[in-house]
2 protein chains.
Amino acid sequence: MDVRHADRIADALEELVFTGQFNDGDRLDEIRLAKQFGVSRTPIREALQRLVASGIAEQLPRRGVFVRQPGPVELMEMFETMAEIEAVCGRLAARRISDEALAELEQANDLCRAAMASQDTDAYYRENERFHHTIYAQSGNSYLAGQALRLHRRLKPFRRLQLRLRGRLAQSMGEHEEIVAALRSGDDSRAATALRDHVGIQGEKFRHLMTELRTAAQ
Amino acid sequence: MDVRHADRIADALEELVFTGQFNDGDRLDEIRLAKQFGVSRTPIREALQRLVASGIAEQLPRRGVFVRQPGPVELMEMFETMAEIEAVCGRLAARRISDEALAELEQANDLCRAAMASQDTDAYYRENERFHHTIYAQSGNSYLAGQALRLHRRLKPFRRLQLRLRGRLAQSMGEHEEIVAALRSGDDSRAATALRDHVGIQGEKFRHLMTELRTAAQ
DNA sequence: GTCAATATTTTTGTATACAATAAAGTGATT
DNA sequence: AATCACTTTATTGTATACAAAAATATTGAC
């Protein structure tokens with residue numbers, strides 16, 4: 001457990017931002033954070049650099065670092081990008097996926113279904129993540145998979161809100177099955193479409209995300 | 001011109017890595033760099049953090065920061081990802097592009113052609129970039145456009161090698177015209193395919209990139 | 001009381017000092 | 001000669017000190 005303070009603090013700050021402990025535009029005060037974490041400014045500044053690099057915060061030279069929560073527009077753009085990237089992963093995976101991975105997708109779906117039945121939200125999220133991560137990996141392009149993973153993580157706190165919608169879980173499960181079927185058949189454009197529609201936010205999903213965002217902001 | 005040392009140094013180091021002044025695995029010695037740039041270790045360390053964040057270098061805790069040049073496999077993956085992301089930009093742009101932007105694409109193509117005729121390599125690169133950046137922007141998704149731009153920049157040094165291939169420029173111009181035609185017709189899948197094929201590396205292009213890489217490594 | 005000019009405080013950015021860990025060197029033992 | 005323990009050196013990570021810029025407070029004129 002001998003990890004650099006800077007890394008530990010960066011993770012902690014990320015978590016704080018993601019869980020809504022900071023509002024958009026809040027200044028991340030070095031001295032205050034240093035006292036809070038019981039370290040000097042140096043590791044705090046390194047951690048802040050990491051937040052800036054990952055787009056969670058913004059740096060104004062000689063002014064400070066400010067948290068930057070995505071607004072509705074940017075959030076929509078990020079979800080659209082995620083949908084398109086997952087579609088690409090699916091397109092490539094349809095031609096490259098292994099039988100083992102197909103089995104893993106189905107297993108993840110089974111466990112998702114079980115989690116849904118037993119109201120085990122955590123398990124559902126875990127298996128849902130495994131499902132998507134497997135598709136990223138099966139794109140056969142680890143750079144692309146890394147990018148997908150990165151954005152997936154960035155959107156995590158917002159996806160959480162989204163899935164509370166009544167009946168959404170059952171619909172999501174059906175979409176997962178269509179995705180697996182498309183991948184199994186090797187139909188790349190079908191897989192791309194299925195994933196794009198699954199991840200994308202339109203119609204009811206969009207309306208719901210907006211209301212959730214409004215309430216979360218207060 | 002009152003810019004932070006750390007930012008200036010990060011840009012300089014990026015440039016040094018991109019222009020091949022460092023080999024894969026080279027350690028970026030803080031003390032040496034500090035003397036070289038005439039500053040203390042502090043801004044050097046901030047700059048190194050930025051390189052690590054952007055994937056140009058890797059950090060091993062309590063060991064140092066090492067430059068990480070992509071090998072042939074990762075490079076192919078990055079080019080494939082670039083091709084797919086450009087395809088996505090094209091797919092979205094086909095439905096969203098403005099008449100002004102279409103005119104700008106054609107102007108960029110005209111200037112590309114002129115640059116080709118007068119052997120003005122710099123002008124060619126400049127207009128080629130404008131062509132692609134315009135398509136990113138016309139995706140109507142500024143987050144996606146930002147990601148595309150980021151990867152485009154990362155691949156810049158390698159694209160330079162690639163385009164030296166005799167006759168490649170003329171072929172590239174033809175592909176540009178097909179892309180514009182697809183965008184003008186609003187045919188999203190045609191635009192996606194045209195861009196994917198244009199950016200992707202297959203057949204002769206692949207073989208050529210590999211030999212260029214081999215010679216560049218020495 | 002308001003506004004501008006100036007002084008004070010705060011905060012960032014950089015330099016330096018120090019502590020902890022890893023790497024390199026040294027010598028004894030087999 | 002090779003290997004292991006131990007010492008020395010070098011390098012990273014963190015703390016602190018200082019300089020410069022920005023933010024804030026204070027003073028004085030009107």
Side-chain angles (χ1 to χ4, degrees), chain A residues 1-18 20-70 150 153, chain B residues 1-18 20-70:
Chain A
M1 280 294 287
D2 172 45
V3 72
R4 291 162 29 116
H5 287 172
D7 292 346
R8 180 175 55 79
I9 291 164
D11 290 342
L13 284 177
E14 250 184 47
E15 188 63 21
L16 288 175
V17 173
F18 283 170
Q21 305 287 100
F22 291 104
N23 289 79
D24 183 59
D26 282 2
R27 190 168 69 89
L28 293 167
D29 187 73
E30 296 177 2
I31 299 170
R32 195 173 56 77
L33 290 172
K35 281 179 185 161
Q36 201 167 312
F37 283 98
V39 297
S40 78
R41 281 173 54 217
T42 310
I44 297 289
R45 283 177 60 86
E46 284 202 15
L48 292 183
Q49 292 266 352
R50 263 190 42 181
L51 294 205
V52 170
S54 63
I56 295 168
E58 195 172 10
Q59 181 169 42
L60 303 182
R62 298 190 190 281
R63 303 291 288 279
V65 172
F66 303 84
V67 326
R68 212 171 90 50
Q69 297 278 20
R150 195 188 182 71
R153 257 203 287 274
Chain B
M1 280 301 285
D2 170 46
V3 73
R4 291 163 30 116
H5 287 173
D7 292 346
R8 181 176 54 81
I9 290 164
D11 290 342
L13 284 176
E14 249 184 49
E15 189 62 22
L16 288 175
V17 173
F18 283 168
Q21 306 286 99
F22 291 104
N23 289 79
D24 184 58
D26 282 2
R27 190 166 70 90
L28 292 167
D29 186 74
E30 296 178 2
I31 299 170
R32 195 173 55 78
L33 290 171
K35 281 179 185 161
Q36 201 167 313
F37 283 97
V39 296
S40 79
R41 280 174 54 217
T42 309
I44 297 289
R45 282 177 62 86
E46 284 202 16
L48 293 183
Q49 292 267 353
R50 263 189 43 182
L51 295 205
V52 170
S54 63
I56 295 168
E58 196 172 10
Q59 181 170 42
L60 303 182
R62 299 190 188 279
R63 304 289 288 278
V65 173
F66 302 84
V67 326
R68 212 171 90 50
Q69 297 278 21

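Chain identifiers are assigned alphabetically (A, B, ...) following the order of the sequence lines, protein sequences preceding nucleic acid strands; residue numbering begins at 1 within each chain.
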Given [N], is OP1 or OP2 found less than 4.0 Å from the side-chain N or O atoms of [X]?
| X | N | answer |
| --- | --- | --- |
| Arg4(B) | dG13(C) | yes |
| Gln59(A) | dG13(C) | yes |
| Arg45(A) | dT14(C) | no |

How many whole angstroms separate atom [atom1] of [X] from atom [atom2] of [N]?
| X | N | atom1 | atom2 | answer |
| --- | --- | --- | --- | --- |
| Arg62(B) | dT12(D) | CZ | C1' | 7 Å |
| Lys35(A) | dA15(D) | NZ | P | 15 Å |
| Phe66(A) | dA23(D) | CZ | C1' | 11 Å |
| Glu30(A) | dT16(D) | CD | P | 15 Å |
| Leu28(B) | dG13(D) | CG | P | 13 Å |
| Ile44(A) | dG13(C) | CD1 | C1' | 16 Å |
| Phe37(B) | dT14(C) | CZ | P | 13 Å |
| His5(A) | dT21(C) | NE2 | C1' | 13 Å |

If you check the [X] side chain, which of [options] turns out closest?
| X | options | value |
| --- | --- | --- |
| Ser40(B) | dG13(D), dT14(C), dT12(C) | dT14(C) |
| Thr42(B) | dT21(C), dT16(C), dG13(C) | dT16(C) |
| Arg27(B) | dT11(D), dG13(D), dT16(C) | dT11(D) |
| Val39(A) | dA22(D), dA15(D), dG13(D) | dA15(D) |
| Ile31(B) | dG13(C), dT11(D), dG13(D) | dT11(D) |

Are the side chain of [X] and the backbone of [Y] linked by a donor-acceptor contact shorter than 3.5 Å?
| X | Y | value |
| --- | --- | --- |
| Asp24(B) | Gln69(B) | yes |
| Asp29(B) | Arg32(B) | yes |
| Asp11(B) | Arg8(B) | no |
| Asp26(B) | Asn23(B) | yes |

Decide yes or no for Leu33(A) and Leu13(A): does some side-chain heavy atom of the first lie under 4.5 Å from some side-chain heavy atom of the second? yes

How about His5(A) and Glu46(A): do any of their side-chain heavy atoms sit closer than 4.5 Å? no

Start at the 5' end of DNA chain D and walk down; is the nucleotide closest to Ala6(A) or to Arg41(A) reached first? Ala6(A)

So which one's nearest nucleotide on DNA chain C is more toward 5', Asp29(A) or Gly38(B)? Asp29(A)

Counting any heavy atom closer than 4.0 Å, what does Glu46(B) reach on the DNA or RNA strands: base, sugar-phosphate only, or nothing? nothing

Answer with base, sugar-phosphate or nothing: what part of the nucleic acid does Arg32(B) contact at a heavy-atom distance below 4.0 Å? nothing

Measure distances between side-chain N and O atoms of Arg63(A) and base N and O atoms of dG13(C), and say whether any donor-acceptor pair falls under 3.5 Å. no

